[in-house]
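These numbers come from the heavy atoms of this one structure, side chains and all, not from hydrogens, waters or symmetry mates. All residue numbers in this chain count up from 1 along the given sequence.
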Amino acid sequence: MKVYVLATGDPDWQNIMTDYKPFGGGWVAAVNEEYLSFYKLTGKLADGTPVLDLGTCERFDVYWQHGLDEPDFEWLIGATFLEALEKLKRPSMRQH
């Protein structure tokens, strides 16, 4: 989905149109190496284009275990929170 991206408070940011994966109501996701970034959309332009303000939006990242393939995004959309945690968790560094 095309999203207009701006960054309130960052004088060096150049506003851009970019593609994000839609995720639930009002959220988008960016696929990065070994993690996903989720952003809550912050508004719409007059023509209906979604707006994401990186300077003010709610956000969170989900990391997965090093060496695993990127999770299936379609699976992730339908997964419960606990299923996603179990699949994406990193092993503990401590031995029990």
Over all atoms of both residues, closest heavy-atom pair of [X] and [Y]:
X	Y	value
W27	F60	CZ3-CE2, 3.8 Å
M1	V28	SD-CG1, 3.6 Å
A29	Y20	O-CD2, 3.6 Å

| request: Just jot down the side chain to side chain contact (heavy atoms under 4.5 Å, CB included) partners of D19, sequence neighbours excluded, or say none. | output: K2
| said: Checking A7 now: which residues fulfil side chain to side chain contact (heavy atoms under 4.5 Å, CB included) with it, not counting sequence neighbours? | reply: D10, W13, L54
| query | If you look only at pairs with a residue in residues 46-55, which of them pass as a side chain to side chain donor-acceptor pair (under 3.5 Å), with sequence neighbours excluded? | reply | T8-D53, D47-T49, D53-T56
| remark: Sorted by chain and number, sequence neighbours left out, side-chain hydrogen bond (donor to acceptor under 3.5 Å, both in side chains) with Y39 holds for none
| query | Roughly how far, to the nearest 0.5 Å, is the OG1 atom of T18 from the CG atom of L52? | reply | 10.0 Å
| remark: Sequence neighbours excluded, the answer for salt bridge (charged side-chain N to carboxylate O under 4.0 Å, His left out) partners of D12 is none
| request: Look at the side-chain heavy atoms of Ile, Leu, Val, Met, Phe, Trp and Tyr, link any pair under 4.5 Å apart, and say whether V31 and W75 land in one connected group. | output: yes
